[in-house]
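Order of listing sets the numbers, starting from 1, for every ligand and every atom in it.
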Amino acid sequence: MPAPQHDNKALWGGRFEGHPERFTQEFGASLPIDNRLWREDIDGSKAHARMLARQGIISNQDAEDIVAGLDRVAASIEAGTFVWDIDDEDIHMAIERTLTEDIGAAGGRLHTGRSRNDQVATDTRLWAKRASAKLAGELLALRQSLIDVAADNPDAVMPGYTHMQRAQPILFAHHMLAYSWMFARDFTRVVAAHASADVLPLGSAALAGTTYPLDRSYVAEQLGFSRISQNSLDAVSDRDFLLDLDYACSVAMMHLSRLAEELVYWSSGEFGFITMSDQFSTGSSIMPQKKNPDFAELIRGKSGRVVGDLTALLVTMKGLPLAYNKDMQEDKEGVFDAVDTLTACLHVMRGMITTMRVNEARMREAAHGGFMAATDLADYLVGTGLPFREAHEVVGRIVLACEKEGRTLQSLTLEELKEFSDRFGEDARDAVDIDRVVDRRTTVGGTSHSSVAEQLASAREQLAADKETASRL
Ligand code: ARG
């Protein structure tokens, strides 16, 4: 068995006579995953060292050496010259070992009153706060692009669907804004995940707290945490703040996936509602005519893995007794993946939305099929005093006749309408005019031009308010 490259007795080896086998050493290591927490680990250690000195637990000189040494570690990681060694097990060990090799005994004092259990919880919370702030910004950008595409296409009328069957005509802008509201709620969920991560665990030590007179509030202040944990067992052993983030990511991915699905079929030859830009399409290696919406499909596909990340962590956590258990080392890979996946998908979706061509004529053509003015025609008869049930029956017969003859409701003359009911008058054809059908839906949140204009204004207002919130994260 090859011996580890360096002796990890330096860190926790006092109790040990042998080394783990190479394979188990690698099996137990989280360094390949958690190395991305290096900034957070260094920030946390610097704050801890300064606090130790302020409390008189270590000397000022030691704290200065530690901080300067950690800055050198950060610089070498940034420069790519840091030596990553799997024998370090995790990012905390890697940084502390390198620091101690650099500054000597002072490095060994950094871990006073601290455990990797409260250290990893602190690093991960710091990371989760930064990740949610970044996601919040991406969500704002996507909402802006949805609002823009709605504003740029104010008159495009398209079919609205239920059961994937044409139901009633709507404004394309209304459809785009629907998604902007979903992503506005995703923003709220991401901000909530930020708040749940915003609690400092450091000072909980391994599980029970510590005998050193730590000033936890001072550490919190330095690291920008707004609260400190109130129970050391809870602080080192829960990962619900990551579940909150996973959940926020999962719901946002589900929304992205639905929008992606619409882009996929809208860009098909049968629909042709949009033309995806070449930038976001791929060809086929065999069929020269193909232009595939691969990126929309990938977003739809990737939603599954993010839901998987949420599920995996829930299952990892569900049977664990208090306090820290090594199982919890499995927490990070999934949440990193969830955040990376969502970040990338938000970016790609924004690109697709801002570059797609909206084919207004095709949408309008489709809006004239499917007898989508039938409800309004029935309402017209109701306006003449006919009970709704009877009106429904009359219009049902009109639709059946049109269907047999391949006609649209809009093509019927007044004389033809009168064959079904003598209640139809001059204004009956107005009832089925697609633009008027749309503009009659004037309820707040409805699809009329006037309602959508108001909706657009409130979507912009909400966006501005959320930008404010994001700037404070
Ligand atoms: N690499 C570990 C993790 O990610 C750090 C905490 C280790 N603590 C321990 N008691 N083994 O969970």
Side-chain angles (χ1 to χ4, degrees), residues 4 6 8-16 18-21 23-45 48 73 77 82 84-100 110-131 197 199-210 223 229 232-243 245-246 309 312-340:
H6 66 84
N8 54 16
K9 276 183 177 179
L11 294 169
W12 45 263
R15 157 89 178 69
F16 289 79
H19 290 295
E21 196 191 328
F23 183 80
T24 43
Q25 172 71 25
E26 287 181 14
F27 179 77
S30 56
L31 188 60
I33 304 296
D34 63 24
N35 62 42
R36 81 186 256 181
L37 292 178
W38 67 267
R39 272 179 221 283
E40 288 75 17
D41 198 71
I42 286 176
D43 290 348
S45 289
H48 183 66
V73 172
I77 295 176
F82 186 86
W84 298 102
D85 180 350
I86 196 77
D87 288 328
D88 283 324
E89 186 178 325
D90 60 24
I91 186 65
H92 324 294
M93 302 270 227
I95 290 176
E96 196 185 319
R97 175 185 59 79
T98 312
L99 174 74
T100 307
L110 168 60
H111 213 51
T112 313
R114 186 175 77 166
S115 154
R116 272 189 299 156
N117 297 349
D118 57 347
Q119 185 179 359
V120 70
T122 301
D123 293 3
T124 313
R125 282 177 178 273
L126 261 183
W127 173 85
K129 285 179 64 181
R130 291 170 184 175
V199 182
L200 175 81
L202 207 63
S204 305
L207 74 163
T210 170
L223 293 174
S229 58
S232 59
L233 295 170
D234 176 36
V236 295
S237 69
D238 207 351
R239 294 294 183 264
D240 53 358
F241 64 101
L242 293 181
L243 289 167
L245 186 53
D246 274 338
D309 293 328
L313 184 55
L314 274 172
V315 178
T316 296
M317 295 304 295
K318 72 169 271 298
L320 299 186
L322 302 187
Y324 180 84
N325 300 271
K326 187 75 165 180
D327 315 45
M328 287 157 64
Q329 180 166 284
E330 289 293 309
D331 61 352
K332 286 173 278 300
E333 190 169 4
V335 75
F336 289 166
D337 178 68
V339 166
D340 291 346

pair Glu89-Arg116: side-chain heavy atoms closer than 4.5 Å: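 Yes, side chains in contact.
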
Min side-chain heavy-atom separation Val120-Asp331 under 4.5 Å: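 No, every pair of side-chain atoms sits at 4.5 Å or beyond.
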
Non-neighbouring partners of Phe82 that pass ring pair (Phe, Tyr, Trp, His ring centres under 6.0 Å), sequence neighbours left out: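 Residues passing ring pair (Phe, Tyr, Trp, His ring centres under 6.0 Å) with Phe82: Trp84.
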
Nearest heavy-atom neighbours spanning Asn117 and Ala206: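 Residues Asn117 and Ala206, closest heavy atoms: ND2-O, 3.1 Å.
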
Dump all N/O pairs between ligand 1 and the protein below 3.5 Å as a table: atom names plus distance, one pair per row.
residue  : atom   : partner : partner atom : Å
ligand 1 : 1 (N)  : Ser30   : OG           : 3.1
ligand 1 : 1 (N)  : Asp90   : OD2          : 2.9
ligand 1 : 1 (N)  : Gln329  : OE1          : 2.8
ligand 1 : 4 (O)  : Lys332  : NZ           : 2.7
ligand 1 : 8 (N)  : Asn117  : OD1          : 2.9
ligand 1 : 10 (N) : Asn117  : OD1          : 3.0
ligand 1 : 12 (O) : Tyr324  : OH           : 2.4

Under 3.5 Å donor-acceptor, His48 side chain and Thr112 backbone: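 Yes; at least one donor-acceptor contact below 3.5 Å.
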
Polar side-chain atom of Ser229 near backbone of Leu200 as donor-acceptor pair, under 3.5 Å: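 Side chain of Ser229 to backbone of Leu200, a donor-acceptor pair under 3.5 Å: yes, one is there.
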
